[in-house]
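To start, the structure itself, in structure tokens.
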Amino acid sequence: MIFSRSLALVTALLSLASPVNSQVCGILPESTTGFTGEPDWQAIIEIAFPPWAKPANGCPRLNEVGGELLEGYKEFPIAEEGKFNPCYYTKAFAGLDPLLGGYPSPIDTHYPYEFAAPFMRQPGDGSTHHCPLDSPTSTPIQSCPQVKHGCDNGAKDCVKFSDDHGYGHFPPFVVLAAVKNAYNECAVDSDVCEWFDYDTNGCNIPKSTLDKLVYKSFGVNNTIQFQPPVIIDGLPSNTFYRQEYINQDNVCAENCRGPHYCSLDVATEDVWGDFCPYVHTGEKAGMYRHPHIALAAFELWIANLCMPEKCSSTWLDSPNGKNYGASKTSTSITWCEMENNEDLMSQPAVPYQWPNSGTEKSIFPGLELYEDMAVKPAAGSYVMEYVALKSVTSGATSGVAIGLATSGIMMVSTVLSFIW
């Protein structure tokens, strides 16, 4: 049965600690197929985000990146109300109704280090890349800046504190590792239930607490220094997260963009890697899970132990998932045109085209989600200052236009930052 493993682990997890006297901590259950001490994140995710039933043979998969469906693996799971897709290939539906096959975005799970761009019809809307409002549609989204402050030595996996945005953006697997470390040490260090402030943050751990936990694990002289979430020299890194499933069996080699499996044509075109599907070949096909989803599940699992009457064990039923999934207010990123707009595992179209055509046959979201709005009212915290700048590759934007845009953007920032 699809749920037998998860239900058994639920019992094991709950037996680790009791909310009585608020002290809830202990060593997390280990993965049965991983390294010693590696938590079973998949089991924790499935408690907060219970999955639809998987096909009998497992998730559909292709014979190669950009290839054809393998015989015996062509059956897709059937969507179930209030549950989530067990065969996950694309972030295109993040922020939308779970029946479409996606999971909440980092904005939806209140990941405090996302520093996302606003939804104003520009390339990269809602992503960590801040493309100016007047950017040409041909703009490579990955070429637009992120709100982060690199370290002086140029180290790739390092961010430095600044007065403007603190440490800025860094990946959720860093925070996940920090919270895991603190949880495993809490018996001698602190009461994890004291991490929460329900009146201000519901069932999420406040950013002020996460700041301390992250710095404790990764802080060095006012910087955050970490390793990528992979195997290094045969051993798991200090942020190892198996569910990324990066370049399994070396099927995309240098064409992979992190956990995104791009074809040679797409990599050569230099398309933003996020538009490429996740692992979709081999036995791990469909099993990728975002680290911000693991973090959201872990936060909620601890919150449920500490405050069971306030924090449901399932995300959609908790305060954290309130009002989630409406298309008009979704945090879904505007997608690009795909080679096959009806195929979940499709590669981006070459030559690159943005936005997606959004036709009736296309399953991928285009600008139609904005309807007739200039700004999509997607609740969340956004950095507004960069999108109002003129693009260096397009015609000049008048000072009046920038002033109007900035004024409107700041109003959105003030109002929407606090609607969860």
Side-chain angles (χ1 to χ4, degrees), residues 1-17 24 26-34 38-61 76-91 93-106 108-109 111 172-173 176-177 179-180 183 203-204 229 240-245 259 278-280 283-305 308 311-318 320-321 324-325:
M1 294 292 292
I2 185 66
F3 298 113
S4 59
R5 175 172 166 272
S6 294
L7 289 174
L9 276 162
V10 170
T11 303
L13 289 168
L14 293 176
S15 68
L16 287 173
V24 180
I27 303 300
L28 288 167
E30 294 183 13
S31 169
T32 57
T33 59
E38 180 188 343
D40 194 337
W41 292 122
Q42 188 65 29
I44 294 174
I45 289 171
E46 290 183 359
I47 295 170
F49 302 93
W52 314 334
K54 265 187 185 178
N57 288 347
C59 291
R61 61 202 62 173
F76 285 81
I78 298 173
E80 300 177 46
E81 188 76 39
K83 295 183 179 180
F84 291 84
N85 188 359
C87 301
Y88 183 70
Y89 305 102
T90 173
K91 65 185 286 184
F93 314 108
L96 293 167
D97 190 323
L99 290 172
L100 296 174
Y103 284 75
S105 73
D108 297 315
T109 63
Y111 179 61
F173 57 75
L176 179 64
V179 175
K180 176 205 70 176
Y183 179 84
C203 305
N204 283 113
F240 180 63
Y241 179 65
R242 181 177 298 276
Q243 278 66 30
E244 292 256 297
Y245 295 118
Y278 297 109
V279 57
H280 55 282
E283 63 178 15
K284 302 302 182 184
M287 294 182 64
Y288 172 86
R289 297 295 181 270
H290 294 280
H292 75 266
I293 290 297
L295 176 62
F298 190 27
E299 283 184 281
L300 186 58
W301 179 70
I302 300 172
N304 174 254
L305 291 176
C311 300
S312 170
S313 61
T314 53
W315 191 83
L316 285 175
D317 297 317
S318 75
N320 296 0
Y324 173 73

Do the side chains of [Y] and [X] get nearer than 4.5 Å, heavy atoms only?
| X | Y | result |
| --- | --- | --- |
| His280 | Arg61 | no |
| Trp301 | Tyr183 | yes |
| Pro259 | Val279 | no |
| Cys87 | Pro60 | yes |
| Pro51 | Asn85 | no |
| Leu316 | Pro98 | yes |

Using the side-chain hydrogen bond (donor to acceptor under 3.5 Å, both in side chains) criterion, which residues pair with [X]? Sequence neighbours excluded.
| X | answer |
| --- | --- |
| Ser312 | Thr314 |
| Asn320 | none |
| Gln243 | none |
| Ser105 | Asp108, Thr331 |

From [atom1] ([X]) to [atom2] ([Y]), nearest 0.5 Å:
| X | Y | atom1 | atom2 | value |
| --- | --- | --- | --- | --- |
| Lys54 | Cys59 | NZ | SG | 4.5 Å |
| Phe298 | Ile302 | CZ | CD1 | 4.0 Å |
| Leu176 | Ile44 | CG | CD1 | 8.5 Å |
| Tyr89 | Met287 | OH | CE | 11.0 Å |
| Asn204 | Glu299 | CG | CD | 4.5 Å |

Stepwise side chain to side chain contact (heavy atoms under 4.5 Å, CB included) test for Val179 and Leu295: CA-CA 8 Å; Val179 175; Leu295 176 62; 4.2 Å; yes

What residues form a side chain to side chain contact (heavy atoms under 4.5 Å, CB included) with [X], not counting sequence neighbours?
| X | value |
| --- | --- |
| Asn57 | Tyr73 |
| Pro106 | Tyr111, Glu114, His292 |
| Ala177 | Phe218, Thr239 |

With sequence neighbours excluded, what pairs up with [X] under the ring-ring contact (aromatic ring centres under 6.0 Å, His included) test?
| X | result |
| --- | --- |
| Phe240 | Phe35 |
| Tyr324 | Trp315 |
| Tyr288 | Tyr278, His290 |

With sequence neighbours excluded, residues passing salt bridge (Lys or Arg N to Asp or Glu O under 4.0 Å) with Glu244: none

Backbone N or O of [Y] within a donor-acceptor pair of the [X] side chain at under 3.5 Å?
| X | Y | value |
| --- | --- | --- |
| Asp97 | Leu100 | no |
| Tyr103 | Tyr88 | no |
| Glu80 | Ala53 | yes |

Which pair of heavy atoms, one from Pro104 and one from Ile293, lies closest together, and at what distance? O-CD1, 3.5 Å

Shortest non-hydrogen contact between Leu300 and Ser313, atoms and distance: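 In terms of heavy atoms, the two residues are closest at CD2-O, 3.7 Å.
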
Residue of the set Trp41, Tyr241, Phe84 for which side-chain contact (heavy atoms from CB on, under 4.5 Å) holds with Arg289: Tyr241

